[in-house]
Number of protein chains: 2
Amino acid sequence: MSADLTIGRVAEAAGCKVQTVRYYEQIGMIPAPPRTSGNQRIYDESAVHRLTFIRHARELGFPLQAIRDLISLSDHPDQSCAAADGIAKAQLGEVNRRIQSLIALRGELEHMIEQCKGGKVKDCRVIEVLSDHSLCETDAHDAAAPMAHPPSAG
Amino acid sequence: MSADLTIGRVAEAAGCKVQTVRYYEQIGMIPAPPRTSGNQRIYDESAVHRLTFIRHARELGFPLQAIRDLISLSDHPDQSCAAADGIAKAQLGEVNRRIQSLIALRGELEHMIEQCKGGKVKDCRVIEVLSDHSLCETDAHDAAAPMAHPPSAG
DNA sequence: CTTGAACCTATAGTTACTGTAGCTCTTATG
DNA sequence: CATAAGAGCTACAGTAACTATAGGTTCAAG
């Protein structure tokens, strides 16, 4: 194992695009790998591992900066867990809120798919639900979201 | 009701930024409102309603294009529900996947917060979990996510 | 009637990619 | 060994969905 891998191979193995791998290198999310004599990047399994880590974290809504922090923590496993704990706590409330919203939406989506067979839009509850303030747990005033750009969920 | 509202008022009522309201107007998500003699926008309650709708949908991961579709459906409530149904179905699988991932992460976050009191990073399971392929339901190969840019959750 | 907050337009910056152009390198096949 | 397809390279532009800033105007309170 740890065989030499091209960028295409790592990207495929990690489930991301080739450009994304290069982009992550550019912004320092992954280390720059060695190159062949012809200037092509060569990776080993550890790159797949790290990219998979990043992808999972992105899919779960961590911004790249938080993932960067997590990576730097995992690179120094003997330091205190407090920082990781802080990141986790900051994420937990957000995760819970998202789960609540998504579960509410799922119910409405299912309801709608069930009911709307041949019906008219005025009977659809999705639109109503999305307009409805009662689903709003958070106060309208503090809507400036703390979590930057969650990714597309894979 | 339907009192005249400034852009600041609607933004506050709908839970978004003033710039965001202007941006939505610019890209046609909301209609351009009338102006005062001094060129300032004047809204009524319907703008708050629509903006709230948009915010909810965005928080739940709908891309603006899908919301645009939903809005155009709700503007024509007598047409067939089939299109809304299609949008809902397309969204449902995605919603379910996100819920699964988030619940898995929540467990790990809680576990970590519980365990890591004064511990070391090497005992933290978040990092391990995020690196772990077993959490991956989707095949690594089809990672190009179908849902564009979910927003920051409020 | 002044002052300061809120408004206006226009433009640039942000995050996290994704796509394109125009080239070079590698590899399979004749 | 030649060659052509396919993968890689750099550099830069574009996308989504905002967010911030600059520099000016309008409105409402004192």
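Distance check: A/Y24 OH to A/R50 CZ gives 12.5 Å after rounding to the nearest 0.5 Å.
More than 12 heavy-atom neighbours from other residues, nucleotides or ligands sit within 6.0 angstrom of CZ on A/R68.
Between the CD1 atom of A/I54 and the P atom of C/dT15 there is a distance of 16 Å, rounded to whole Å. Taking atom CD of residue A/E12 and atom P of nucleotide D/dG6, one finds them 16 Å apart after rounding to whole Å. Between A/I67 atom CD1 and C/dA16 atom C1' the separation is 10 Å, expressed in whole Å. The separation between B/Q26 atom CD and D/dT19 atom P is 14 Å, rounded to whole Å. For the pair B/Q65 CD and D/dT15 P, the interatomic distance rounds to 14 Å; values are reported in whole Å. Atom CD1 in B/I42 sits about 14 Å away from atom C1' in D/dT26, given to the nearest Å. If you take CZ of A/R68 and C1' of C/dA16, they are 11 Å apart, rounded to a whole angstrom.
The phosphate of C/dG19 has OP1 or OP2 within less than 4.0 Å of a side-chain N or O from A/K17. Phosphate contact (OP1/OP2 of D/dC18, side-chain N/O of B/R55, threshold under 4.0 Å): absent. For D/dT10, the OP1/OP2 oxygens have a side-chain nitrogen or oxygen of A/R35 closer than 4.0 Å.
B/R55 places a side-chain N or O within 3.5 Å of a backbone atom of B/A14 that can act as its donor or acceptor partner. Looking at A/R41, its side chain never comes within 3.5 Å of a backbone N or O of A/P34 through a donor-acceptor pair.
Nearest to the side chain of B/T20, among C/dC8, C/dA16, D/dT19, sits D/dT19. Listed nucleotides C/dT26, C/dA16, D/dC9 differ in distance to A/Y23; the shortest reach to its side chain belongs to C/dA16. Nearest to the side-chain atoms of A/Q19 among the listed nucleotides D/dA17, D/dA20, C/dG19 stands C/dG19.
Contact of the A/I7 side chain with the A/Q40 side chain is not registered, since no non-hydrogen atoms from C-beta on lie closer than 4.5 Å.
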For nucleotides 3-7 of chain C, print each protein N/O atom paired with a nucleotide N/O atom at under 3.5 Å, atom names and distance only.
residue	atom	partner	partner atom	Å
C/dC7	OP1	B/T6	OG1	3.0
C/dC7	OP1	B/G8	N	2.7

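The only option from B/V48, B/T6, B/D4, B/V10 that meets the side chain to side chain contact (heavy atoms under 4.5 Å, CB included) definition with B/Y43 turns out to be B/V10.
Comparing A/Y24 and A/S37, the nucleotide of DNA chain C nearest to each residue sits closer to the 5' end for A/Y24.
Nearest approach of B/A11 to B/K17, heavy atoms of both residues: CB-C, 3.9 Å.
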